[in-house]
S.K.: 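Let me give you the structure first, and then I'll get to my questions.
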Amino acid sequence: MTKIKTIGMLTSGGDAPGMNAALRAVTRAAIYNGFKVKGIYRGYRGLVENEIADFQAQDVSNIIHRGGTILRTARCNEFKTVEGRKKAFENMKKHDIDALVVIGGDGTLTGAREFAREFDVPIVGIPGTIDNDLYGTDHTIGYDTALNTIMWCVDRIRDTANSHERLFFIEVMGRNAGFLALNGAIAGGAEAAIIPEISIEQDQLAELIEHGFRTTKKSSIVLVAESPITGGAMGLAERVRNEYPQYDVRVTILGHLQRGGSPTAQDRILASRMGAAAIDALVEGQRNVMIGDDDEKMVYVPFSKAIKNEKTIDPQLLQTVHELSI
Ligand code: F6P
């Protein structure tokens with residue numbers, strides 16, 4: 001095994017608040033431990049297209065509080081091909097990069113696993129996605145900030161929902177996972193959450209409306225996870241207009257505003273700890289693992305586990321939403 005001297009880092013896939021804090025931590029922990037650091041721009045695309053620069057400790061000054069990613073990010077189709085990955089490996093060698101730290105979600109780790117397997121490159125992943133959908137880590141970087149943004153929005157929508165006595169469907173992101181919708185509903189005191197983890201046979205809308213929904217309140221807020229399974233907020237509103245015309249229904253799709261903003265303290269701390277843990281992992285000779293947080297402790301999760309397994313959502317939390325909305 002070649003001794004690692006230079007570490008390349010990149011952010012890939014959808015950006016998430018706290019990615020900059022992670023880049024800062026990776027850079028500084030690496031330099032502290034005697035490594036050289038290179039920043040790779042635009043995720044895997046920068047590796048394929050050779051957009052790589054030296055990074056010093058001061059290059060990551062004043063970024064801990066900034067949303068987005070200073071390295072920028074992309075979803076790169078070329079990296080999904082063997083030829084693309086070959087180019088990426090050649091560029092790594094050109095820059096004397098011996099190991100990678102990649103920050104992103106499921107797609108980022110899937111690409112990393114493939115690349116590591118083909119070219120025998122040591123890679124450590126850091127879970128960075130607002131979706132919180134990676135197995136093996138209690139939290140992903142960006143999730144807490146997005147959740148706080150959702151809560152902030154729900155608070156504001158509640159004012160107008162109350163004034164007009166309306167039923168609001170608020171659609172939140174999450175790809176195929178309902179973590180943002182479910183915990184956003186609890187934090188925002190919503191009346192219900194509709195999430196894709198609940199079986200497709202179950203008509204969540206009908207259950208909601210026919211079993212005591214709005215018996216005591218004039219306005220209601222329902223958080224809906226984006227997904228073809230839930231039908232999305234638009235789909236549900238359409239159904240209400242047709243099947244329950246007594247409700248005055250409105251829709252808000254929060255969209256990409258959930259991905260921006262200054263990271264919360266929790267995300268900054270998580271990103272800082274995970275960035276430092278990624279360098280510890282490389283020092284210890286770990287490779288092809290994702291850093292996870294398990295009950296506050298930093299752990300190493302093999303890529304195959306993090307990608308293949310589905311993170312389960314606690315169904316008891318839906319009951320909590322239900323109980324607290326009477
Ligand atoms: O994975 C993060 C995420 O924000 C998902 O919640 C969402 O489905 C997707 O990315 C949106 O991607 P894009 O910014 O490419 O439209």
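Quick caveat, the model's predicted, so the values are computed rather than measured. Note that ligands are numbered from 1 as they come in the structure, with each ligand's atoms numbered from 1 the same way.
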S.K.: For the pair Asp133 and Arg175, find out whether any cationic side-chain nitrogen is under 4.0 Å from an anionic carboxylate oxygen.
M.R.: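 Yes, this pair counts.
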S.K.: I need the nearest protein heavy-atom contact for atom 11 (C) of ligand 1: residue, atom name and distance, please.
M.R.: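 Checked against all protein heavy atoms, atom 11 (C) of ligand 1 sits closest to Arg259 NH1, 3.6 Å.
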S.K.: Could you check whether Lys5 pairs with Asp98 (Lys NZ or Arg NE/NH1/NH2 to Asp/Glu carboxylate O, under 4.0 Å)?
M.R.: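 Not counted as a salt bridge, because no side-chain N and carboxylate O are separated by less than 4.0 Å.
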S.K.: Give a yes or no on whether a salt bridge exists between Glu83 and Lys86, defined as a side-chain N under 4.0 angstrom from a carboxylate O.
M.R.: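 Salt bridge absent between Glu83 and Lys86.
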S.K.: What protein heavy atom sits nearest atom 12 (O) of ligand 1, and how far off is it?
M.R.: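 Its nearest protein heavy-atom neighbour is Arg75 NH2, 3.0 Å.
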S.K.: Does a side-chain N-to-carboxylate-O contact under 4.0 Å join Lys93 and Glu90?
M.R.: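 Salt bridge: no.
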S.K.: Considering only NZ, NE, NH1 and NH2 on the basic side and carboxylate oxygens on the acidic side, decide whether Glu78 and Arg45 come within less than 4.0 Å.
M.R.: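 Looking at Arg45 together with Glu78, the answer is no, because their closest N to O distance does not fall below 4.0 Å.
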S.K.: Would you say Gln258 contacts ligand 1, with heavy atoms under 4.0 Å as the rule?
M.R.: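 It does not; every heavy atom stays at 4.0 Å or beyond.
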S.K.: Ion pair present between Arg28 and Asp59, side-chain N to carboxylate O less than 4.0 angstrom?
M.R.: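 So Arg28 does not pair with Asp59 through a salt bridge.
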S.K.: Can you list the atoms of ligand 1 that are under 4.0 Å from a heavy atom of Glu226?
M.R.: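 Matching atoms, with element in brackets: 5 (C), 6 (O), 7 (C), 8 (O).
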S.K.: Nearest protein heavy atom to atom 2 (C) of ligand 1, by residue and atom, and its distance?
M.R.: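 Of the protein heavy atoms, Asp131 OD2, 3.3 Å lies nearest.
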S.K.: Which ligand 1 atoms, with their elements, are less than 4.0 angstrom from a heavy-atom of His256?
M.R.: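 So the atoms of ligand 1 that pass are 13 (P), 14 (O), 16 (O).
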S.K.: Looking at ligand 1, would Gly174 count as a contact under a 4.0 Å heavy-atom criterion?
M.R.: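 Per 4.0 Å heavy-atom rule, Gly174 contacts ligand 1.
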